[in-house]
Amino acid sequence: MPEVKCNVSNCTYWGEGNNCIADAILVEIDKHANMSVDMSADGDLLGDAAHKDAAHDPAETCCHTFRPKH
């Protein structure tokens with residue numbers, strides 16, 4: 001898995017050095033930012049999350065892996 005940097009320190013998967021420690025990362029287009037996403041424990045996409053889109057600019061994307069720390 002490549003190194004993924006994240007600055008969202010209140011995420012469950014945020015690790016020391018601003019590293020994402022999630023087993024899988026889901027990046028979605030902003031159009032689907034409010035979509036409910038379901039990923040299996042091994043990172044497989046389930047249901048509506050298993051689709052393909054295209055973005056034309058980095059600003060059109062967002063991370064759906066975020067889970068707030070409790």
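Not counting sequence neighbours, Glu16 has no partner by the salt bridge (Lys or Arg N to Asp or Glu O under 4.0 Å) test. Residues meeting the side chain to side chain donor-acceptor pair (under 3.5 Å) test with Asn10, sequence neighbours left out: none.
One distance of note links CD of Glu3 with CG of Asn18; it measures 10.5 Å at 0.5 Å rounding. One finds the SG atom of Cys62 at 8.5 Å from the CG atom of Leu26 (value rounded to the nearest 0.5 Å).
The heavy-atom pair separating Pro68 from Thr12 by the smallest distance is O-OG1, 3.1 Å. Nearest heavy-atom pair, Ile21 versus Gly15, reported as atom, atom and distance to 0.1 Å: CG2-CA, 4.2 Å.
Panel note: side chain Lys69, backbone Tyr13; no donor-acceptor pair is recorded below 3.5 Å. A distance-only check finds no donor-acceptor pair linking the side chain of Trp14 to the backbone of Asn19 [under 3.5 Å].
Hydrophobic clustering places Val4 together with Val27 (ILVMFWY residues linked when any side-chain heavy atoms are closer than 4.5 Å, directly or through intermediates).
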